[in-house]
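Contents: one structure, followed by commentary.
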Amino acid sequence: MAIQPSNPKETSLLDASTRFNLGRSIDQNFQRLTLVLAISVGAILLWIAYSLLVIALPAIQAFGLGFLFDSTWDPVKNIYGALPHVYGTIMSSLLALSFAVPLGVGVAIFLTENFLAQKILQPIAFTIELLAAVPSVVYGLWGLFVFLPAIKPLLQGLHSTLGWIPFFATEPGGRQLFGASLVLAIMILPTIIAISRDTLTSLPPKLRQGAYGLGATRWETIMRVLLPAALSGIVGSVMLALGRALGETMALAMLVGNANQVNISWLAPASTLSSLIANQFGEASGLQKSSLFYEALILMVLTLLVNILAQAMISRFQQVE
Amino acid sequence: MNDHQIKQLTSENPVATGRLRPTVWTALTALSIGLTISSCTPKSPDVATPPSDGAAPSTTAPAASGGTSASLSGAGATFPAPLYQRWFADYNKANPGTQISYQSVGSGAGIEQFLAGTVDFGATDAPLKPEERTKFKTKYGAEPIQIPMTGGSVVFAYNLDGVKDLKLSRAAYCGITTGAIKKWNDPAIAKANPGAKLPDSAIQFVHRSDGSGTTFQFTNHLKVACPTWTAGVNKSISWPAGMTGAKGNEGVSAQIKQTPNAIGYVEYSYAKQTDMSMAAIENKSGKLIVPTPEAGEAAFVGEKVPADLALLVPDSANPNAYPISGLTWLLLYPQSKDAAKNTALKATIEWALTTGKTTVTELGYIPLDDELVTKVKAELTKVK
């Protein structure tokens, strides 16, 4: 241990060295503590995956990978397949994204441009962030009693004018994939808006000034300069939103119609991985319970894939910058 | 240990700021231990069971009639949950010593917890299966006690503009549930409803999407009554394509109320409380029966009760019976580690089946007939 020679008093020198030791050991221990915390998060994830796997094992042994491509869900005969739920999960999430991304990015641009005074923009931004705080069961109830009945004429119109497209081929029921996806879109909007807006505001002002200086219009500045520069953040927000959409449970269980069949029509009732689990877990036992855990495992892998994809895309766009 | 004592502890220490910190820690630790102990006290069964503990602090609640006090927890079926919770609350008012909490987690989870021994009693809408009985026997060395508490009817609730008293013949409701009858003005439906303005539109059938005792009762009847029913009997089944599933009685009823031309099945008690239109259906004797608690009770009159009290009547032969009616059971341990608990539980059940009977019809459930009550009481003597 090096003792600083410049210190005049011996006692305080000793004092300083012990204090120094203390500080050092706190540093070291803090490092160890954070290491333990970091590892424990990973360990918990592995633990969850492992326990899912253990309980799902009977179903995995019984159905194998064919589980993913079988559309039977028959608790009486004990035959289970996940195809309708995997399809419903992916389709509802993609539909929700296709509504939420243009809307969300548009709102984010509006909020970061100087179209309106800050004192008007600020409350709007605050309201949007409040949307994220609404519990999903409230979205479900609102969708069920207010939103779906309200958009029924619209869906009826879609069916009667675009009925020749297979996606709108069936008569819209009270609950269907399309309506549920619209509610889902509202639920993931705040994520997209908040993160895209933060990215856009954090862009260096010289980008905009430079573009204007070169004679670009506002449209050109937004489309050619600002959006490409903010792309990694926007893609990140979209992936985060997709993660939420894939895992959303309560609202979808209430709105999606819970039919265990693959329907090409978006206006027909469907089912998702998480909505099926929420619906049937309470009364399931034996192979049915294992199959539900198998579905949970599939959902986990699906979400993991989305996250890996997101990381890959974000790092790619960052390289472009 | 309380705040005051902490202050005392800390103030005992002189200025020495460096030494204040450990003292606070000691005080906090002591406080937390004290809190843990005191928070445990009322819950601990060991403390709660002795009949007359002189140090018992409560002055407002005199000892109940028996002088015993017990707090029990049960879990299981959702269908009878409103009745059970009301019963236990009412009983607690009369006998403050007995506190029973009931978690409506579903029959499957109820049986599982009952077998695992994590509850004081279980509850289920479908009687124990033979393999569940053997499981119980190998673990506890005795037969589980299974007693019916109440029953319920499953009704067809519908939303048809201008049609007030819908009547469904067997052919009609079998066809609707299997998806063979697709339109409301189908001759099979129209035949039983002369004069009713049945629309020329598609029937929107709504079923339960969650596993449910209601679905079990419903399919248990359909399997016997409908020759065309192939989906089997279970708490959740595979429904024909195009039908909508909704979660819970509340989900199904919301769906029916919002969708014109919809029909679905819900518990009678729920349909009654939410003022839904219910169809009269044809029973085994060919009579059209409007669902009521009395018609539901009639389904069990004169039926031979098996030894395990697992009485299932899929299609009653009684001409006055509403045919889709079923019972729901409590699951009890023949022997409890804590005798006071079983004594309190027995007293509560006997009270529920006698004094508590008025609550049953009030909430729209089916009361047990006298013969069955006698059998239940005989079975209760096995609970020690």
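Values below: all heavy atoms of this structure, side chains included; hydrogens, waters and symmetry mates excluded. Letters A, B, ... are given to chains in the order of the sequence lines, protein chains preceding strands, and every chain is numbered from 1. Bear in mind the structure is a predicted one, so any value in this text is a computation, not a measurement.
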(request) Mind ranking B:Gly251, B:Ser236, B:Ala241 by heavy-atom pairs under 4.5 Å with chain A and telling me who comes out on top? (result) B:Ser236
(request) Select one option (side chain, backbone, both, neither) describing which atoms of A:Pro75 are under 4.5 Å from chain B's heavy atoms. (result) both
(request) Using the six-membered ring wherever Trp is involved, compare the ring planes of B:Trp239 and B:Phe205 and label them parallel, tilted or perpendicular (cut-offs 30° and 60°). (result) tilted
(request) Work out which heavy atom in A:Val262 is nearest to a heavy atom in A:Pro84; give both atom names and the distance. (result) CG2-CA, 3.7 Å
(request) Can you tell which part of B:Ala262 gets under 4.5 Å to a heavy atom of chain A, answering side chain, backbone, both or neither? (result) neither
(message) Could you report the tightest heavy-atom contact between A:Gln288 and A:Asn78, atom names first, then the distance?
(response) N-OD1, 4.2 Å
(request) Check the angle between the aromatic planes of A:Trp73 and A:His85 and answer parallel, tilted or perpendicular using the 30° and 60° thresholds. (result) perpendicular
(message) Please find the pair of heavy atoms, one from B:Phe121 and one from B:Ser101, that lie closest to each other, and give the distance.
(response) CZ-O, 4.5 Å
(request) Give the intermediate values and the outcome of side chain to side chain donor-acceptor pair (under 3.5 Å) for residues B:Gln204 and A:Glu171. (result) CA-CA 11 Å; B:Gln204 309 271 350; A:Glu171 191 84 13; over 6 Å; no
(request) Select one option (side chain, backbone, both, neither) describing which atoms of A:Gln176 are under 4.5 Å from chain B's heavy atoms. (result) neither
(message) Less than 4.5 Å to any heavy atom of chain A: does that hold for the side chain of B:Val206, its backbone, both, or neither?
(response) neither
(request) Below 4.5 Å from any heavy atom of chain A, which atoms of B:Thr259 appear? Answer side chain, backbone, both or neither. (result) side chain
(message) Between B:Tyr265 and B:Phe156, is the ring pair (Phe, Tyr, Trp, His ring centres under 6.0 Å) condition met? List the steps.
(response) CA-CA 5 Å; B:Tyr265 61 93; B:Phe156 283 94; 7.8 Å; no
(message) Report which part of A:Asp74 has an atom under 4.5 Å of a heavy atom belonging to chain B: side chain, backbone, both, or neither.
(response) both
(request) Go through B:Ser238, B:Ala109, B:Gly106, B:Ser209 and name the one with the most non-hydrogen pairs under 4.5 angstrom from chain A. (result) B:Ser209
(message) What part of A:Phe145 gets within 4.5 angstrom of chain B, counting heavy atoms only: side chain, backbone, both, or neither?
(response) both
(request) State, to 0.1 Å, how close B:Thr138 and B:Lys135 come at their nearest heavy-atom pair, and which atoms those are. (result) OG1-O, 2.9 Å
(message) Please classify the contact of B:Gln255 with chain A as side chain, backbone, both or neither, using a heavy-atom distance under 4.5 Å.
(response) both
(request) For this output row, return yes or no: ring centroids of B:Phe114 and B:Phe136 closer than 6.0 angstrom. (result) yes
(message) Tell me which of these, B:Gly213, B:Ala202, B:Gly211, B:Pro260, has more heavy-atom pairs under 4.5 Å with chain A than the rest.
(response) B:Gly211
(message) Is A:Gln280 close to chain B through its backbone or its side chain, or both, or neither, when contacts mean heavy atoms under 4.5 Å?
(response) both
(request) Tell me, yes or no, whether the heavy-atom count around B:Lys257 atom NZ, taken from other residues, nucleotides or ligands under 6.0 Å, exceeds 12. (result) yes
(message) Shorter than 4.5 Å, heavy atoms on both sides: which option in A:Gly257, A:Ser265, A:Pro269, A:Ala268 has the most such pairs with chain B?
(response) A:Gly257
(message) Need one label for B:Lys247: side chain, backbone, both or neither, based on atoms under 4.5 Å from any heavy atom in chain A.
(response) both
(request) Against chain A, label B:Ser212 side chain, backbone, both or neither, depending on which of its atoms sit under 4.5 Å from a heavy atom there. (result) backbone
